[in-house]
Every structure is written in C-alpha cells, then in structure tokens.
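First the proteins, then the strands, lettered A, B, ... as listed; each starts at 1. Note that the structure is a prediction, hence the values are computed from the model and not measured.
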Amino acid sequence: MTNTPSEKPLDFIRQIVTEDQESGKHPTPITRFPPEPNGFLHIGHAKSICLNFGIGQEYQGTCHLRFDDTNPSKEEVEYVESIKADVKWLGFDWQDHLYFASDYFEQLYEFAVELIKRGKAYVCDLTGDQIREFRGTLKEPGKNSPFRERSVEENLSLFGQMKDGAFEDGSRVLRAKIDMASPNINMRDPVIYRILKTHHHRTGDSWCIYPMYDYTHCLSDMLEEITHSLCTLEFEDHRPLYDWVLDTLQTPCHPRQIEFARLNLNYTVMSKRKLLQLVEEGHVSGWDDPRMLTISGLRRRGYTPASIRNFCDQIGIGKRESWIDMGVLENSIREDLNEKAARVMGVLEPLKVIIENYPDDLVEEIEAQNHPQKPEMGTRKLPFSKELYIEKSDFLEDPPKKFFRLGPGREVRLRYGYYITCNSYETDPETGQVTLLRCSYDPETKGGTSPDGRKVKGTIHWVSAKHALGCEVRLYDRLFNVPHPDADKSVDFKDHLNPDSSGSLTDCKIEPSLKNITKGTSVQFERQGYFCLDSVDSKPDELVFNRIVTLRDSWAKLKK
RNA sequence: UGGGGCGUAGCCAAGUGGCGAAGGCACCGGGUUUUGAUCCCGGCAUUCGUAGGUUCGAGUCCUACCGCCCCAGCCA
C-alpha cells in the first residue's frame, strides 16, 4: 500500500495491518466477516463488511464470510441466504471462502476434550441460577463450583454423555477452568458448551451440545488462519478469553483480535433485536421496508452499493462511540446519484395549466438533456401541448418578491420549453385551492431562451397533460422523531416512532419516456429529488416510485 | 482503587513531542447556472475534558481529577 500525504490517512486498524505486512509478520492478511444468521444485515454491518472485505482487497489478502451459527434456537437458513445476497450486492466477494462455525463442530468437540485432558475444563452440574450466584458480582469475586475438581476421567465421561444426549437441556455445561476471582467476569470459568436438543439449520439433529461464542470464535479464526479478527468494542473484555483458549490449546496460529466502535446513526435504531421488533409488530412492512436501514431496505429505497461503501469510507474507523448524522448517509446517495441518475420531469402534485394562445391540437417535440453535466448521457424528446401540469407549489396567488416561480402576471421558463406568463387562475370555491392556471406562451422562446435576451428568474418543471403517465410516489421520512430513540431505557423506543415517516402521492404525473423504466432504476425528478422504481409494488401500468432523498433545497431554508 | 475502554469544532475525524491543529458533513458568505440542484471560491478550534508537572518546545510524555460507554446469557 502506498500512502502519500495527500491520501486519506490510515485508520488505526489499517495501520496495524500495514505494519504486519511490512514487517513480514502477515504478508497476506486474512480477515473475516462473521455474522450470526439470526436477522438481516443493516448499515452497521455494512461498516464491518467494508472494513473486513476492504482490507482483504487493499492488502491483496482475503476475507472470509463465516456464519457464526452456534445457537440453533435463533438461526435460520433464510437469514443465511439474505446475508449472502446482501454482501454480494454491496460489491464484495468471498470467492470460495464461505464457512460456517457449524462445520467445525467436530474439531471444536475434540478441542474441548483436549481442554479437559489438560485439566482446563470441567463438567458443571450447577443450575443456571446457581452458576449466576457462584459467579459473584462486578465488585465481588465468585466462588468455585463444587464440581470444579472433578477428575479428568469423570469429566471425559460426562462430556461424552452430554454429547450422546444422556442429559436434559440445561442440566449440565462444560466450563473452562480459569479463575473465579478474576476481575474480568468473562474469565470466571465461562460456559463453553451447553446442552440444546434443538434442530440445527445445517447439522440437523447430529448434535445436542453446542459451543458458546467465546470458545467457538477464536478457534474458528484460528482454523481459518485469520490474521486480524476485527470486532466491536463490547468484545474488548472477551479478548483475554479469546487469547486464553488459543494459548491453553497451544494452537499453531493465534489471530489478533482488534476492536473498533460500532456505527451509530441518529434518528434510527441499529440493534437486530429492535429491528426485528419493528418488523414483527408491523410498524414497518418488513425487513426491506424502504425506511429500514437494513441493507435490503436501503436497496429497495434506492441506495446504491457505491453510496453505502462511500459512506462507510467517510465515517472512518475508531474506538470512540460516535453518532453519525443521518445527513451524512443522505449525502452519500445524493453524491452518487448526482453522477449517475438520468434527469427526468416528474410532477408530484399536479396543477393544470392551459396555454391559451397555443394551438389546440399541436404537439411539439422538445429535446431535453438526460444530464446537463454529462452530454454523453444523451437526450430525449418531450411532448409539449396546450395543456400541461406543473407543480402546485410552483404557483402562489400572492408570491413574495424572492419567489422566482409563477404568480399572477409573472413569467417563468418551462424547462427546455417556452416562457409562459400567468394570465389568470381558478380556485375551488369551497377549499380555496388553486385548480387551474391560464397562461400564454411566447412562441419566440422555444427551448428556453429568448431572442431579446430578457431574463426570467425561475425555471420550473412540467409535463404535457395528455402525454403524461400517472404514477404513485412514496415519500419517506426518518423512522423516529428523536435523535436517540433508545437512549432512555425507561421509555419504549417505539414511543418515538415518527407517525409521518411514510406517505404516498397517488396522482403524480411523469414524462412518457419513463414508460418502460425497469424496477430498481433510479432517476432524478428535476428540482425534486432522486426516485427509484419500487422493486416490489410497481407494475408496468401502475408505476410506484420511492423517493430516495430530496435535492438540497436552499429555497426551503430561505422560507424559514 | 472491581475490570475494560473512550474524551480534538454542532456531527464525524486526522494528528504517533518541533515552527501554521488535515479532511469531510453541517453552517455562513460570494460566483457560475435553463434544476433555488450540481459545480467553483472564501469563512468556520489563539486551542485539543480539567488542573498541575516534565521539556528550549506537549493535543502528543507524567500525575491527579472530571465525564461518558461496556461487562454479572447455558446470546452473539
């Protein structure tokens, strides 16, 4: 890796990886992304995926995808598939390095036998409650289990019987024999195997004892010859145990665990448990609800893999618990789509305009650029006729001076079209809503420029009424209305759900060129924002768009 | 004195004792513009949780204090 001063500085993990590569300790680093298949991946996982797979790529190493599937009571194949799909979609490739901790069950069992033989593990008959009592508290040491001094032979026999299904769930466990007085609670003879007569999604019913995380993870890393085992801060206290297992077993290699801070985003919740709750209780339509910050939700909303990768790149890796502003995520998709998305005309809340002096049956074709800054993206034709739709918000009966759009007597440019002037308007007598604008156009201004060089301040978007396609547009807002929905443990985070996080406009009018747009395609509705054709609910003749994010709007700010 | 971490701008985040405390987001000005978008230019920490100390020199080293986070699952 080269790193000139102008480049982004390396985060502390990459500094370590760089040193290890340069010193020859680990010429080709191997990392791993180790999800438990008990839920969908979210933006927080993306941070870890980008870190682990990113290092694999940058250092010509590899990154494994390993499912940490040691708790069959919570895990399902469906999750395995969705996780694989999400990692791929994000743009990463584990090649042939797809692993499951459950593939190591046999070896893990042998290692446990080895531990027993070395006098470093024992079968404990204490109940769960007793184990907790004996563990002591944060400030007081624990007490030794009465079963701690069982003989190797007895332990071997008992553990074998555990494996063979001789005992009931919860009746016995295998514990590492470390130190019940350790100030680190993880070292107070942690349970490493428990009896769980549960069907496993991969191993079926061949096992009724399952290894615990702390015991499994380090050994899995070791078996795969992982060089740098990256995890989040809450595992910092577990590192002594990680190291103890490998040291005690005198394994041929010993990966280095390094901890970094997990991602926190404001106005949302990140824990799988809470996301699951939102899904199960119907607060959202599913894991892929476009408001969810799951990978599948973001994908459906219209976020691109590149935008998520750039986001993860921007926020950095460190050990401080930090809260990233939602605006940073939004900015990442604006940035990406500004480059890639074609510009089109879409009217969200239509207001009919009649061009009084335009020939009744004339239809002109007007050429429009697909991207003003990228001529290589080509042009398209827009039909123009006597009756148009413009945005309701682009007309004010009594506009302030700084309002550059339509008002009685005001002239405005229709993007790529003509200058029009508002002559009169009609309102609904009951609601007072403006229902129709009568305008005249200047035939000399076709394309949007006037021969006399006169300036118009505003340019607005429009569609031809009889050519426009109808569609539905779904508008989304942040799911919660406070920055830290789960900060106060005494309040249910769901009390902070934003009741207006989702809305729908069903009478939108879009230009006819969108007729054959395919699902998942994103476009910019000029002056509005970026929109993605919904991959689930959209049908060829009932188009449904998701608003990904609005454009920046300095006028909206000015209004305040 | 249970243990383990972390404190640099509104939000992230570089900085690894030597002359100006990167960069991004946000924000505020100005310019270009047929999207009030994009783009461009400029502004934005006499100070690094606080107080002492070491040093010719400290955000970087030492000491004390303050604040925040994590740990008592047969979850990961």
Enquirer: Should the pair A/K319 and A/F260 be classed as cation-pi, given the thresholds of under 6.0 Å to the six-membered ring centre and 45° from the axis?
Expert: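 The answer is no; the distance or angle limit is not met.
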Enquirer: Would you say B/A13 has OP1 or OP2 under 4.0 Å from some side-chain N or O of A/S322?
Expert: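 For B/A13, OP1/OP2 do have a side-chain N/O of A/S322 under 4.0 Å.
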Enquirer: Taking atom P in both B/G52 and B/C69, compute the distance separating them and give it to the nearest angstrom.
Expert: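 Nearest-Å result for B/G52 against B/C69 at atom P: 28 Å.
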Enquirer: B/A26 base to A/E330 side chain: any donor-acceptor pair below 3.5 Å?
Expert: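 In this structure, the two groups form no donor-acceptor pair.
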Enquirer: Does the aromatic ring of A/W555 sit over the six-membered base ring of B/G36, closer than 5.5 Å centre to centre and tilted less than 30°?
Expert: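 A/W555 ring centre within cut-off of B/G36 base, planes near parallel; stacks.
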Enquirer: B/U35 base to A/Q528 side chain: any donor-acceptor pair below 3.5 Å?
Expert: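 It does not, because no donor-acceptor pair links the side chain of A/Q528 to the base of B/U35 below 3.5 Å.
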Enquirer: Scan every strand shown for a Watson-Crick or G-U wobble partner of B/A72, both distances under 3.5 Å, and answer none if you come up empty.
Expert: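 B/A72 is paired with nothing.
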Enquirer: My understanding is that a pair needs two contacts under 3.5 Å, Watson-Crick or G-U wobble. By that rule, which nucleotide pairs with B/G42?
Expert: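 Base partner found: B/C28.
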Enquirer: Examine B/C74: is either OP1 or OP2 under 4.0 Å from a nitrogen or oxygen in the side chain of A/R172? Give yes or no.
Expert: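 Answer is no, no contact under 4.0 Å.
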Enquirer: Kindly say if A/R552 contacts the phosphate of B/A26, meaning a side-chain N or O under 4.0 Å from OP1 or OP2.
Expert: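 Indeed, a polar side-chain atom of A/R552 lies that close.
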Enquirer: Quick check: A/Y267 with A/F480 (ring centres under 6.0 Å apart)?
Expert: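 Ring-ring flag for A/F480/A/Y267: false, centres at least 6.0 Å apart.
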Enquirer: Return the nucleotide paired to B/G57: Watson-Crick means purine N1 to pyrimidine N3 with N6-O4 or O6-N4, wobble means G-U with N1-O2 and O6-N3, both under 3.5 Å.
Expert: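 Across any shown strand, B/G57 pairs with none.
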Enquirer: Starting at the 5' end of RNA chain B and moving along, which residue's nearest nucleotide shows up first, A/R239 or A/I185?
Expert: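 Here A/R239 is the residue nearer the 5' end.
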Enquirer: I'd like to know if A/R413 reaches the base of B/U35 with its side chain such that a donor and an acceptor end up less than 3.5 angstrom apart.
Expert: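 Result: no qualifying N/O pair found.
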Enquirer: Taking atom types as modelled, find out whether A/E526 and A/H461 have a side-chain donor-acceptor pair closer than 3.5 angstrom.
Expert: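 A/E526 vs A/H461: no donor-acceptor pair found between side chains.
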Enquirer: When both hydrogen-bonding distances must be under 3.5 Å and the geometry is Watson-Crick or G-U wobble, what is B/C65 paired with, if anything?
Expert: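 Across any shown strand, B/C65 pairs with B/G49.
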Enquirer: Expressed as a whole number of Å, how far does the P atom of B/C61 sit from that of B/U16?
Expert: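 Pairwise P distance, B/C61 against B/U16, rounds to 10 Å.
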Enquirer: A/M187 CE to B/G2 C1': how many Å, rounded?
Expert: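 So the CE-C1' distance, A/M187 to B/G2, works out to 15 Å.
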Enquirer: Starting the side chain at C-beta, find the nucleotide from B/A76, B/G5, B/G2 nearest to A/L138.
Expert: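 Nearest to the side-chain atoms of A/L138, counting from C-beta on, is B/G2.
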Enquirer: Is A/K319 close enough to B/G4 that one of its side-chain N or O atoms is under 4.0 Å from OP1 or OP2 there?
Expert: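 Negative; the distance criterion is not met.
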Enquirer: Is the base of B/G36 touched by the side chain of A/R405 through a donor-acceptor pair closer than 3.5 angstrom?
Expert: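 A donor-acceptor contact between them is present.
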Enquirer: Where the side chain of A/R343 is concerned, which of B/G3, B/U35, B/C75 is the nearest nucleotide?
Expert: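 Closest of the options to the side chain of A/R343: B/U35.
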Enquirer: On the six-membered ring of A/F40, is A/K272 placed so that its NZ or CZ lies under 6.0 angstrom from the centre and within 45° of the ring axis?
Expert: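 Not flagged: A/K272 not positioned over aromatic ring of A/F40.
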Enquirer: Do the side chain of A/K177 and the main chain of A/R148 share a donor and acceptor less than 3.5 angstrom apart?
Expert: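 Yes: the side chain of A/K177 pairs with the backbone of A/R148.
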Enquirer: Between B/C75 and A/R194, is there an OP1 or OP2 to side-chain N/O distance shorter than 4.0 Å?
Expert: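 For B/C75, OP1 or OP2 has a side-chain N or O of A/R194 closer than 4.0 Å.
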Enquirer: So, does A/N331 get its side chain near the phosphate of B/A26, meaning an N or O under 4.0 Å from OP1 or OP2?
Expert: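 For B/A26, OP1/OP2 do have a side-chain N/O of A/N331 under 4.0 Å.
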Enquirer: Does a side-chain N or O from A/R320 land closer than 4.0 Å to OP1 or OP2 of B/A13, or not?
Expert: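 True: A/R320 side-chain N/O within range (under 4.0 Å) of B/A13 OP1/OP2.
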Enquirer: Using the P atom as the reference point in each nucleotide, state the distance between B/G49 and B/C12 in Å, no decimals.
Expert: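 Straight-line distance between the two P atoms is 14 Å.
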Enquirer: Starting at the 5' end of RNA chain B, which residue's closest nucleotide do you reach first, A/D214 or A/F403?
Expert: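 Between the two, 5'-proximity favours A/F403.
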Enquirer: Between A/D69 and A/K74, does at least one N-O distance fall below 4.0 Å, as a salt bridge requires?
Expert: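 Salt bridge between A/D69 and A/K74, a charged N being under 4.0 Å from a carboxylate O: no.
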Enquirer: Would one find a side-chain N or O of A/R273 under 4.0 angstrom from OP1 or OP2 of B/A76?
Expert: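 The answer is no; no side-chain N or O of A/R273 sits under 4.0 Å from OP1 or OP2.
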Enquirer: Quick check: any donor-acceptor pair below 3.5 Å linking the side-chain of A/N184 to the base of B/G4?
Expert: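 Such a pair does not exist between side chain and base.
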Enquirer: Phosphate oxygens OP1/OP2 of B/U33: is one of them under 4.0 Å from a side-chain N or O of A/Q369?
Expert: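 Checking B/U33 against A/Q369, no side-chain N or O comes under 4.0 Å of OP1 or OP2.
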Enquirer: Looking at A/R135, does any N or O in its side chain come under 4.0 Å of the phosphate oxygens OP1/OP2 on B/C74?
Expert: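 Yes, within the criterion.
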Enquirer: Among A/M212, A/H200, A/E36, find the residue that satisfies the side-chain contact (heavy atoms from CB on, under 4.5 Å) test when tested with A/N71.
Expert: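 Passing option: A/E36.
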Enquirer: Taking syn as any angle within 90 degrees of 0 and anti as the rest, which one fits B/C41?
Expert: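 Classified anti.
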